[in-house]
Amino acid sequence: MTKSGNADVFNDPVAAKKQRDYAFYEPAYESYRDNFKKLYDTGVTVCTGSDMVMYGAPVLPVQQELTHMVKYGITPVQAIQTATANPAKVLGREDELGMIKEGLLADITVVDGDLSQDIQCIFNTNTVYLGGKKVYEQGIRYV
(Lines give C-alpha, C1' and ligand atoms only; values in the text may rest on other atoms or scores of the structure.)
Protein backbone atom coordinates (compact mmCIF):
# COMPACT_ATOMS: atom_id res chain seq x y z
CA MET A 1 0.00 0.00 0.00
CA THR A 2 1.09 3.55 -0.70
CA LYS A 3 1.48 5.66 2.39
CA SER A 4 1.55 9.47 2.74
CA GLY A 5 2.97 10.18 6.17
CA ASN A 6 0.80 8.05 8.44
CA ALA A 7 -2.16 8.00 6.06
CA ASP A 8 -3.10 5.10 3.82
CA VAL A 9 -3.91 7.02 0.59
CA PHE A 10 -6.11 4.21 -0.71
CA ASN A 11 -8.38 4.20 2.34
CA ASP A 12 -8.13 7.84 3.43
CA PRO A 13 -10.09 10.11 1.05
CA VAL A 14 -8.43 13.28 2.37
CA ALA A 15 -4.93 11.89 1.82
CA ALA A 16 -5.94 10.58 -1.60
CA LYS A 17 -7.25 14.02 -2.60
CA LYS A 18 -4.03 15.62 -1.37
CA GLN A 19 -2.00 13.26 -3.57
CA ARG A 20 -4.20 14.01 -6.63
CA ASP A 21 -3.96 17.76 -6.00
CA TYR A 22 -0.18 17.60 -5.71
CA ALA A 23 0.12 15.67 -8.97
CA PHE A 24 -2.20 18.15 -10.69
CA TYR A 25 -0.46 21.32 -9.41
CA GLU A 26 3.16 20.15 -9.49
CA PRO A 27 3.74 21.24 -13.13
CA ALA A 28 2.39 24.73 -12.32
CA TYR A 29 4.71 24.98 -9.32
CA GLU A 30 7.69 23.88 -11.41
CA SER A 31 6.84 26.39 -14.13
CA TYR A 32 6.54 29.20 -11.56
CA ARG A 33 9.85 28.21 -9.99
CA ASP A 34 11.70 27.91 -13.29
CA ASN A 35 10.28 30.98 -15.04
CA PHE A 36 9.38 33.55 -12.38
CA LYS A 37 12.54 35.67 -12.76
CA LYS A 38 12.29 35.61 -16.56
CA LEU A 39 8.71 36.84 -16.35
CA TYR A 40 9.60 39.51 -13.79
CA ASP A 41 12.46 40.76 -15.95
CA THR A 42 10.11 41.39 -18.90
CA GLY A 43 8.75 44.38 -16.99
CA VAL A 44 5.27 42.97 -16.46
CA THR A 45 3.70 44.21 -13.22
CA VAL A 46 3.78 41.33 -10.76
CA CYS A 47 1.33 41.30 -7.84
CA THR A 48 1.23 38.98 -4.89
CA GLY A 49 -1.89 36.86 -4.85
CA SER A 50 -3.80 34.49 -2.66
CA ASP A 51 -5.05 32.09 -5.28
CA MET A 52 -3.69 28.84 -3.86
CA VAL A 53 -6.26 26.11 -4.27
CA MET A 54 -4.29 23.02 -3.26
CA TYR A 55 -5.53 20.99 -0.32
CA GLY A 56 -3.99 22.28 2.87
CA ALA A 57 -2.75 25.56 1.38
CA PRO A 58 -2.98 28.53 3.72
CA VAL A 59 -5.86 30.90 3.06
CA LEU A 60 -3.53 33.88 2.60
CA PRO A 61 -0.05 32.57 1.75
CA VAL A 62 1.34 36.05 1.00
CA GLN A 63 4.36 35.75 3.30
CA GLN A 64 5.33 32.42 1.79
CA GLU A 65 4.81 33.72 -1.74
CA LEU A 66 7.13 36.66 -1.05
CA THR A 67 9.85 34.30 0.19
CA HIS A 68 9.47 32.21 -2.97
CA MET A 69 9.79 35.30 -5.16
CA VAL A 70 13.10 36.15 -3.49
CA LYS A 71 14.26 32.55 -3.69
CA TYR A 72 13.47 32.61 -7.41
CA GLY A 73 15.51 35.71 -8.14
CA ILE A 74 14.13 39.12 -7.12
CA THR A 75 15.22 41.28 -4.20
CA PRO A 76 13.28 41.53 -0.94
CA VAL A 77 12.33 45.13 -1.79
CA GLN A 78 10.99 44.08 -5.20
CA ALA A 79 9.00 41.29 -3.53
CA ILE A 80 7.46 43.73 -1.01
CA GLN A 81 6.47 45.99 -3.91
CA THR A 82 4.47 43.09 -5.39
CA ALA A 83 2.27 43.26 -2.28
CA THR A 84 2.11 47.05 -1.89
CA ALA A 85 2.87 49.53 -4.69
CA ASN A 86 2.21 47.15 -7.59
CA PRO A 87 -1.39 46.25 -6.64
CA ALA A 88 -2.13 49.95 -6.05
CA LYS A 89 -0.82 50.70 -9.54
CA VAL A 90 -2.83 47.88 -11.14
CA LEU A 91 -5.98 49.14 -9.40
CA GLY A 92 -5.28 52.70 -10.54
CA ARG A 93 -5.04 53.87 -6.93
CA GLU A 94 -1.33 54.67 -6.63
CA ASP A 95 -2.26 58.26 -5.69
CA GLU A 96 -4.19 56.91 -2.68
CA LEU A 97 -2.31 53.87 -1.38
CA GLY A 98 0.52 51.41 -1.91
CA MET A 99 3.31 53.36 -0.21
CA ILE A 100 4.05 54.97 3.12
CA LYS A 101 3.84 58.60 2.14
CA GLU A 102 2.16 61.66 3.62
CA GLY A 103 -1.41 61.93 2.37
CA LEU A 104 -1.77 58.26 1.37
CA LEU A 105 -3.81 55.62 3.14
CA ALA A 106 -1.67 52.91 4.70
CA ASP A 107 -2.09 49.79 6.75
CA ILE A 108 1.33 49.05 8.19
CA THR A 109 2.99 45.86 9.34
CA VAL A 110 6.15 46.37 11.40
CA VAL A 111 8.56 43.45 11.51
CA ASP A 112 11.62 42.71 13.59
CA GLY A 113 14.72 42.80 11.40
CA ASP A 114 15.72 44.46 8.15
CA LEU A 115 13.15 43.30 5.61
CA SER A 116 15.02 45.04 2.79
CA GLN A 117 17.90 42.62 3.35
CA ASP A 118 16.19 39.45 4.60
CA ILE A 119 12.72 38.46 3.37
CA GLN A 120 12.45 35.91 6.19
CA CYS A 121 11.81 38.88 8.52
CA ILE A 122 8.28 38.91 7.04
CA PHE A 123 7.51 36.12 9.52
CA ASN A 124 8.63 38.27 12.50
CA THR A 125 5.55 40.47 12.86
CA ASN A 126 5.93 42.95 15.67
CA THR A 127 3.08 45.44 15.24
CA VAL A 128 0.18 45.92 12.82
CA TYR A 129 -1.77 49.12 12.19
CA LEU A 130 -5.04 49.05 10.25
CA GLY A 131 -6.79 52.29 9.42
CA GLY A 132 -4.44 54.17 11.72
CA LYS A 133 -5.22 51.99 14.75
CA LYS A 134 -2.90 49.49 16.37
CA VAL A 135 -4.55 46.08 16.09
CA TYR A 136 -1.64 43.79 16.98
CA GLU A 137 1.56 44.15 18.98
CA GLN A 138 4.03 41.44 19.99
CA GLY A 139 1.53 38.63 20.18
CA ILE A 140 -1.39 40.65 21.52
CA ARG A 141 -4.37 41.27 19.25
CA TYR A 142 -6.44 44.37 20.05
CA VAL A 143 -10.19 44.56 19.43
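Counting begins at 1 with the first residue of the sequence. Since the structure is predicted, the reported quantities are computational estimates derived from the model, not experimental observations.
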Please report the shortest heavy-atom distance between [X] and [Y], naming the atom on each side.
X      : Y      : value
Gln81  : Pro87  : O-CD, 3.7 Å
Tyr142 : Glu137 : OH-OE1, 3.3 Å
Leu39  : Val44  : O-CG1, 3.4 Å
Cys121 : Val111 : O-CB, 3.4 Å
Leu66  : Ala79  : CD2-O, 3.1 Å
Glu65  : Gly49  : OE1-O, 2.7 Å

Hey, what do you get for [atom1] ([X]) to [atom2] ([Y]), rounding to the nearest 0.5 Å?
X      : Y      : atom1 : atom2 : value
Leu130 : Thr109 : CG    : OG1   : 7.5 Å
Gln117 : Thr75  : CD    : OG1   : 9.0 Å
Thr45  : Tyr40  : OG1   : OH    : 9.0 Å
Arg141 : Lys134 : CZ    : NZ    : 15.5 Å
Gln120 : Leu115 : CD    : CG    : 10.0 Å

Same cluster or not: are [X] and [Y] linked, directly or through other Ile, Leu, Val, Met, Phe, Trp or Tyr residues, by side-chain heavy atoms under 4.5 angstrom apart?
X      : Y      : result
Val77  : Val70  : no
Met69  : Phe123 : yes
Ile119 : Val62  : yes

Go through it in stages, so that I can follow the logic: the residues are Tyr129 and Asp107, the test is side-chain contact (heavy atoms from CB on, under 4.5 Å), and I'd like the CA-CA distance, side-chain angles, deciding distance and then a yes or no. CA-CA 5 Å; Tyr129 296 90; Asp107 295 330; over 6 Å; no
Tyr32/Tyr72 aromatic ring centres below 6.0 Å: yes
Looking only at atom types and distance, does a side-chain atom of Asn35 sit under 3.5 Å from a main-chain N or O of Ser31, one as donor and one as acceptor? yes
Between the main-chain N or O of Cys47 and the side-chain N or O of Asn86, is there a donor-acceptor pair closer than 3.5 Å? no
Decide yes or no for [X] and [Y]: does some side-chain heavy atom of the first lie under 4.5 Å from some side-chain heavy atom of the second?
X      : Y      : answer
Thr127 : Tyr136 : no
Ile80  : Thr82  : no
Ile122 : Thr67  : yes
Asn126 : Gln138 : yes

For atom NZ of Lys37, is the number of surrounding heavy atoms from other residues, nucleotides or ligands below 6.0 Å larger than 12? yes
Contacts under 3.5 angstrom, residues 96-104 side chains, donor-acceptor by atom type, not counting sequence neighbours:
from	atom 1	to	atom 2	distance (Å)
Glu96	OE1	Arg93	NE	3.2
Glu96	OE1	Arg93	NH2	2.9

Partners of Lys89 by salt bridge (Lys or Arg N to Asp or Glu O under 4.0 Å), sequence neighbours excluded? none
